[in-house]
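Values below: every heavy atom of this structure, side chains too, minus hydrogens, waters and symmetry copies. Below, chains carry the letters A, B, ... as their sequence lines are ordered, and counting in each starts from 1.
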Protein chains: 2
Amino acid sequence: MTDQLKRQVTLDEVAERAGVSRSAASRVINNAPHVSKAKRDAVQRAVNDLGYVPNATARALATQQVGAVVLAISSDNPQVFTDPFFADVAVGVNSVLEETELELILQLATSTRGQTRLEQVLRTRQADGVMLMSMHGDDPLAQIAEDSDVPVVFGGTPANFEPRYYVDADNRGGARLATEHLVATGRTRIATITGRMDEGAGTARYRGYQDALAVAGLDASRVVYGDFSEEGGGRAMEQLLAEHPDLDAVFVGSDQMAIGAMRVLKDAGRTIPGDVAVVGFNDVVLARHTEPPLSTVSQPIQSLGREMARMLLALIAGESPTPLILPTRLVRRASS
Amino acid sequence: MTDQLKRQVTLDEVAERAGVSRSAASRVINNAPHVSKAKRDAVQRAVNDLGYVPNATARALATQQVGAVVLAISSDNPQVFTDPFFADVAVGVNSVLEETELELILQLATSTRGQTRLEQVLRTRQADGVMLMSMHGDDPLAQIAEDSDVPVVFGGTPANFEPRYYVDADNRGGARLATEHLVATGRTRIATITGRMDEGAGTARYRGYQDALAVAGLDASRVVYGDFSEEGGGRAMEQLLAEHPDLDAVFVGSDQMAIGAMRVLKDAGRTIPGDVAVVGFNDVVLARHTEPPLSTVSQPIQSLGREMARMLLALIAGESPTPLILPTRLVRRASS
DNA sequence: GAAGAAACTGGGAGCGCTTCCAGTGAAGGT
DNA sequence: ACCTTCACTGGAAGCGCTCCCAGTTTCTTC
């Protein structure tokens with residue numbers, strides 16, 4: 001950081017050097033029409049000579065467009081972003097944003113301050129668009145976002161609330177697939193550990209479980225409500241074992257919880273999949289490495305990010321995209 | 001996105017309602033001196049009544065400060081960010097930025113476009129500061145960043161290049177710890193699989209390995225160069241086995257590679273840690289769940305992010321912080 | 001060759017905020 | 001009572017860029 005902050009080259013200087021007006025220079029920068037070839041070239045040359053790069057801030061002020069969108073994770077847990085899930089989403093989002101001029105602002109709205117800031121962005125258009133993830137059912141931000149003037153697309157859906165624009169994975173379908181698979185392999189006393197019931201993913205997966213058992217005519221009452229965490233999964237499994245010692249399979253609402261559950265199962269002396277089959281959801285890297293490797297439902301996470309970004313772009317362009325539900329598929333491994 | 005984009009409340013409106021000049025209003029917003037208590041209160045009230053929120057863009061233009069810093073990951077691999085490592089760094093960075101007014105821009109400079117953009121940010125001060133991660137030795141961005149007018153702090157260091165401001169983990173010390181541990185447990189034919197040798201982390205860990213063996217008076221020639229990936233680790237292990245079938249331990253430059261190496265080891269019929277002890281580096285979550293659980297060197301990743309942010313803040317404030325090296329520690333598990 | 005259309009061109013008014021500066025008046029000192 | 005001193009105050013000049021608009025030039029077409 002030297003002191004001689006060499007002043008930025010401005011449009012005026014470019015215009016002067018090219019011998020044209022600032023308006024003309026601006027036009028060629030934004031390649032708008034109504035500039036003669038000669039001037040266009042002159043400006044082009046001046047730009048190169050001077051190494052001119054437009055000042056994004058000034059442009060933003062003049063055009064009333066920020067030139068940035070935010071990817072927001074709203075949660076009470078500062079560590080959520082630590083979930084590899086989000087990194088994947090971010091990669092997807094980035095891949096499509098990279099083709100545009102838009103910056104990606106990361107808002108981990110995990111403290112009150114963060115929430116407030118996100119709220120202000122939503123209310124006062126401090127970004128051209130917002131992608132909102134991991135909303136809990138009663139998060140007031142959901143409604144604020146829905147009412148906002150700035151384009152918002154949800155990633156996943158809160159329970160009890162269907163946003164206008166969202167992209168989600170087919171949680172219900174995936175859960176049904178998983179449960180059907182358990183049925184098909186001869187299990188009859190199939191339990192489930194759900195995710196948080198105030199998140200769409202939690203309830204949808206539970207419904208998928210119910211769907212499959214209803215069709216098969218099996219009892220769907222072996223359920224314990226979990227919280228998506230590994231420890232929570234362990235606790236839930238203990239409770240399940242206590243209340244339904246006869247179970248021969250369990251569909252778990254997330255891989256994290258499934259890992260906790262498997263540990264408890266093993267500690268209790270049950271073999272997997274001999275005594276009880278386990279299938280999770282998400283297909284995190286870890287699932288491949290557990291003992292035994294975990295059967296799970298895989299969702300295209302990077303695609304989710306990509307589609308969110310695309311949908312947001314469409315919204316910004318003034319279109320009205322329809323919500324998107326991405327397919328999930330069963331990945332069968334040794335635990336079932 | 002309704003059409004009635006209710007125009008934003010401006011400072012002028014606040015001033016008018018409070019019956020003061022715009023200058024005065026501006027002063028109280030930025031709580032600068034030279035405003036009487038009476039006016040201050042009046043403005044305060046107007047702000048609340050109107051729900052005024054300053055326009056960040058306009059402010060940025062006037063103050064010549066962007067109000068945002070970027071966290072950049074420069075790499076040729078679009079998937080790098082998928083490494084849970086970065087998510088952790090981001091969480092750390094966010095935790096300190098949350099206390100400030102600064103936005104966090106994520107730059108996954110993974111394509112040519114991305115690199116170019118990052119370069120422009122660096123050259124034309126489109127951000128108040130930059131945190132740069134995962135630089136390869138010959139990445140031209142390193143030099144550009146170092147010469148830039150905008151404050152830059154490096155996360156980790158490229159090989160052959162010591163940036164002015166950086167925070168890094170004590171890779172060499174950690175590697176030495178790991179290797180000493182192998183020595184202490186009676187191993188004598190200790191091999192290593194290195195990381196990419198154009199990254200500081202790669203070379204430093206290799207040196208740590210050499211340090212320990214030199215002190216112990218053991219042979220340090222059983223080395224194969226890896227690339228930090230799981231497959232690369234597997235290939236490296238195969239080569240090691242072929243060239244040094246007598247090895248009884250291997251220090252691997254990253255957990256990812258260690259996982260690949262363990263698979264190859266098992267496939268080759270060697271028991272872990274019976275025949276050969278394995279220790280990795282990073283302590284990714286996965287390390288806890290491998291079979292057997294992987295001994296590894298843990299580094300405080302979130303702290304790294306936090307310290308990078310803090311250092312950047314200091315730089316922006318005009319201070320001259322000194323580089324920081326964070327401690328690493330050995331986590332002993334069943335693989336050694 | 002004249003009229004009308006079409007394509008350029010540059011002046012200037014902002015976008016919303018900060019900040020310099022000259023001016024005002026009250027408080028303090030002698 | 002007079003002169004400083006100093007906290008206020010608001011007007012005005014930008015920050016760098018976009019874009020409307022009126023004026024000018026060039027091109028068509030009879």
Side-chain angles (χ1 to χ4, degrees), chain A residues 5-44 46-47 50-68 101 120-121 123-128, chain B residues 5-44 46-47 50-68 101 120-121 123-128:
Chain A
L5 4 126
K6 42 191 168 208
R7 278 223 328 85
Q8 190 189 332
V9 180
T10 75
L11 226 207
D12 282 294
E13 303 177 45
V14 171
E16 184 179 3
R17 176 178 250 259
V20 306
S21 72
R22 178 161 25 118
S23 319
S26 173
R27 280 183 213 112
V28 0
I29 300 297
N30 300 293
N31 54 61
H34 303 306
V35 184
S36 64
K37 179 86 169 65
K39 300 217 175 212
R40 202 174 281 281
D41 291 346
V43 172
Q44 226 44 288
V47 166
L50 266 32
Y52 171 75
V53 175
N55 178 315
T57 304
R59 181 180 295 197
L61 185 58
T63 59
Q64 298 289 72
Q65 302 202 324
V66 183
E101 294 289 285
Q120 289 192 350
V121 169
R123 286 199 200 287
T124 66
R125 205 183 200 80
Q126 304 279 24
D128 295 327
Chain B
L5 4 127
K6 42 189 166 213
R7 278 223 328 84
Q8 188 188 337
V9 180
T10 75
L11 226 208
D12 281 293
E13 305 178 43
V14 171
E16 184 178 2
R17 175 177 249 260
V20 305
S21 73
R22 181 164 21 129
S23 321
S26 173
R27 280 183 213 113
V28 1
I29 299 296
N30 299 293
N31 54 63
H34 302 306
V35 184
S36 63
K37 179 87 168 64
K39 301 216 176 213
R40 202 173 281 279
D41 291 345
V43 173
Q44 226 43 288
V47 166
L50 267 33
Y52 171 74
V53 174
N55 178 314
T57 305
R59 186 187 296 223
L61 184 58
T63 59
Q64 299 290 71
Q65 302 201 324
V66 183
E101 295 289 284
Q120 289 192 351
V121 169
R123 285 199 201 287
T124 65
R125 203 182 202 81
Q126 305 278 25
D128 295 326

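Counting only heavy atoms from C-beta on, A/Asn55 has its side chain closest to D/dG16 among D/dG16, D/dC15, C/dG10. Comparing atom distances between the B/Val20 side chain and each of C/dG10, C/dT18, D/dG10 picks out D/dG10 as nearest. Each of C/dT18, D/dC17, D/dG16 was ranked by its minimum atom distance to the side chain of A/Tyr52; first place goes to D/dC17. Residue B/His34 has its side chain nearest to D/dT9 when only D/dT9, C/dG14, C/dG16 are considered. If you check C/dC8, C/dT18, D/dT18 against the side chain of A/Ser36, the one that comes closest is C/dC8. For A/Thr63, counting side-chain heavy atoms from C-beta on, the closest listed nucleotide (C/dG16, D/dC19, C/dA13) is D/dC19.
Distances shown here put every side-chain N or O of A/Lys37 at or beyond 4.0 Å from the OP1 or OP2 atom of C/dC8. A/Gln65 has no side-chain polar atom (N or O) that falls below the 4.0 Å cut-off from OP1 or OP2 of C/dC15. Distances shorter than 4.0 Å separate some side-chain N or O of A/Asn30 from OP1 or OP2 on D/dT18.
In this entry the distance linking CG of A/Asp12 with P of D/dG14 reads 12 Å, nearest Å. Atom CD of B/Gln126 and atom C1' of D/dG16 are 11 Å apart (whole Å). Here the C1' atom of nucleotide C/dG12 and the CG atom of A/Leu11 are 15 Å apart, to the nearest Å.
Counting non-hydrogen atoms under 4.0 angstrom, B/Ser26 reaches a base of the nucleic acid. Heavy atoms of A/Ser23 sit under 4.0 angstrom from at least one base atom. Within the nucleic acid shown, A/Pro33 has no heavy atom closer than 4.0 Å to any nucleic acid atom.
Looking at A/Arg27, its side chain comes within 3.5 Å of the base of C/dG10 through a donor and an acceptor atom.
Rounding to the nearest 0.5 Å gives a distance of 12.0 Å between CD of B/Glu16 and CZ of B/Arg22. Atoms OG1 and CG, on A/Thr124 and B/Asn55 in that order, are 8.0 Å from each other to the nearest 0.5 Å.
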